Amino acid sequence: MKTNMSSNARLSFIERLGYGVGDYAANLVYSAISAFLLVYYTEVIGASAAAAASIIAISKVFDGISDLIMGYIVDHTNSKYGKARPWIARLCVPLAVCTVLMFSVPSSFTGKAQLVYMFLTYNLVSTIFYTGVNVPYATLQGLMTTDQYERGLLGNFRNLLSTFGTMTINTVVLKMTGFFGGGNKYAQKGWTITVAILMVLFVILNMFMFFTCKERVTDQNKEKKDGKESVSFVKGIVSMVKNKYWLLMVCNLFFMYFMMSIFFGTVLYFTKYNMGDESRYAMVANLLSAAQIITLFITPFLMKKISKRYLNMTGMAVVALGCAIGGLTTSYPLICMTSVLKGIGFGFAGSTMFGCLQDAITYGEWKAGYNAAGMGNAAASFCMKIGSGLGTAALGWILAAGGFVEKLGEGMTQRSI
């Protein structure tokens, strides 16, 4: 694949920051869903944990299909703004609006009407508009430069800012819902206003990324037919399946997001019911994020000495160790310690996984002789969402199997889950 003269460019700080800000914005949606959507469904609107989990799990089938379709669309987009950036600008506002609707289930809806509303709004967010923004965003990293170190730095900035986004959600959501809910953290009004404010910030940050980032990598060796690229949908799928490095990376992404979803999804329930003090939620969750941020500042220096691959493998091993220890204790100090361990592991693995993914996709393009970056990132995004969705769904099913009482109100006896 031939590329233009500036494709191997060293990027400015503002451009790296602009790209990272995109994942900060994305985590205002992603982390809200991972950490609080199941809480919202069960504690605010009183939906069944099992039903909510099933909706999330079933929706991932549609989500996977939409990822591949969006990847195909990105690969076949040609505009003056490039392949990826136009979709971010077009779809960030619809995504923001639908996210507010998802956290605004009408109180008059009960039974089937409630479940239908949950299913429709969840799929509008996750299947359609989040996919429409996130697949182009992931593809953009490989289109900004072909320099491997710069791609590693972009991945580092992306993971660093995404962690700040997660910390923002973990820190402010319950405080904001309590403030706007008149002192009740689980009042519908508080959740609607809180998410609406966050989504205004989401749109502003996405537009900042749109204006600061540039696409430099262009395919000059396109197979054409009637003036258009002739890389078919099936041809793009086949090229990915034959790329063993891409297959390894999507497995890596699946397990990474499964573990993150399990952690952030369980923390509030664990601190509220097992510890009897939900105010500990922010500390347990943010210790992971703080350790991750510190690690992310270190990784750019380590990447000059150690390959992204080995850093990623080390990180995943440390995360596994933290999860194993956390599964054997209910001690608050030990739980905090495991959060730090997981944060260090996620820092190493998270800062390198997207750079490794773009390198694997570039290898596949070189081997196949044509560009399928959009579909490569789309299928990887699908595996990330499957990992995240199954993590959230598994939590819901476990809550239901344990006899969890939805919308536990005042005057009811709290019990362990």
Side-chain angles (χ1 to χ4, degrees), residues 25-42 44-74 87-88 90-106 108-138 169 188 191-192 195-196 198-199 202-203 206 254 257-258 261 264-265 374-375 377-397 400:
N27 269 271
L28 297 180
V29 177
Y30 171 80
S31 294
I33 292 174
S34 296
F36 291 110
L37 185 60
L38 194 60
V39 172
Y40 172 79
Y41 283 158
T42 59
V44 179
I45 65 173
S48 161
S54 297
I55 285 173
I56 293 171
I58 293 170
S59 297
K60 290 304 169 184
V61 177
F62 303 107
D63 210 349
I65 296 171
S66 70
D67 274 333
L68 294 175
I69 293 173
M70 192 64 211
Y72 183 81
I73 291 172
V74 170
W87 296 106
I88 296 170
R90 292 167 184 167
L91 300 180
C92 65
V93 173
L95 174 55
V97 172
C98 289
T99 302
V100 175
L101 292 175
M102 183 173 65
F103 282 95
S104 303
V105 180
S108 60
F109 284 11
T110 58
K112 290 182 179 179
Q114 184 185 72
L115 294 177
V116 169
Y117 184 94
M118 290 163 56
F119 179 83
L120 290 176
T121 52
Y122 181 82
N123 277 280
L124 280 172
V125 172
S126 184
T127 303
I128 299 177
F129 294 118
Y130 188 83
T131 293
V133 172
N134 197 57
V135 170
Y137 173 73
I169 292 297
Q188 174 67 80
W191 283 84
T192 299
V195 175
L198 292 172
M199 289 304 100
F202 169 83
V203 172
N206 270 283
F254 171 86
Y257 277 79
F258 180 84
S261 182
F264 287 112
M375 291 189 66
N377 281 284
S381 173
F382 170 51
C383 290
M384 290 158 56
K385 289 180 181 178
I386 288 292
S388 175
L390 284 181
T392 303
L395 173 59
W397 290 324

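A quick note: this is a predicted structure, and the numbers were derived from the prediction, not measured.
With hydrogens and angles ignored, the 3.5 Å screen pairs a side-chain donor or acceptor of Y117 with a backbone N or O of L101. S261 places no side-chain N or O within 3.5 Å of a backbone atom of Y257 that could act as its donor or acceptor partner. In this structure, the side chain of Y40 engages the main chain of F103 through a donor-acceptor pair within 3.5 Å.
The side-chain contact (heavy atoms from CB on, under 4.5 Å) search around T131 returns D63, S66, D67, M70, V135, K385, not counting sequence neighbours.
What you find for Q114 and I45 is that their closest heavy atoms are NE2-O, 3.2 Å. Closest non-hydrogen pair, N206 versus A25, comes out as ND2-CB, 3.6 Å. Taking every heavy atom of both residues into account, N123 and S59 meet most closely at ND2-OG, 2.8 Å. Across every non-hydrogen atom of A96 and F202, the tightest pair is CB-CD2, 4.1 Å. Minimum heavy-atom separation, W87 to G132: CB-O, 3.8 Å. Residue C92 comes nearest to V203 through the heavy atom pair O-CG2, 4.0 Å, listed as atom of the first residue, atom of the second, then distance.
Distance check: L28 CG to I33 CD1 gives 11.5 Å after rounding to the nearest 0.5 Å. One finds the CD1 atom of I128 at 8.0 Å from the SG atom of C98 (value rounded to the nearest 0.5 Å). Taken to the nearest 0.5 Å, the OH atom of Y122 stands 5.0 Å off from the CD1 atom of I56. Between atom CZ of residue F62 and atom CZ of residue F119 there is a gap of 4.5 Å, rounded to the nearest 0.5 Å.
Between V116 and L120, the closest side-chain pair of non-hydrogen atoms falls below 4.5 Å. Looking at L115 and I55, their side chains come closer than 4.5 Å, going by heavy atoms from C-beta outward.
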So V105 and V44, side-chain contact (heavy atoms from CB on, under 4.5 Å) or not? Walk me through it. CA-CA 9 Å; V105 180; V44 179; over 6 Å; no

Just do the side-chain contact (heavy atoms from CB on, under 4.5 Å) check on M199 and L95 with the steps written out, would you? CA-CA 9 Å; M199 289 304 100; L95 174 55; 5.9 Å; no

Could you walk me through whether S54 and W397 pass the side-chain contact (heavy atoms from CB on, under 4.5 Å) test, one step at a time? CA-CA 8 Å; S54 297; W397 290 324; 3.4 Å; yes

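Legend: side-chain hydrogen bond (donor to acceptor under 3.5 Å, both in side chains) pairs involving residues 93-104, not counting sequence neighbours, sorted by first then second residue: S104-T192.
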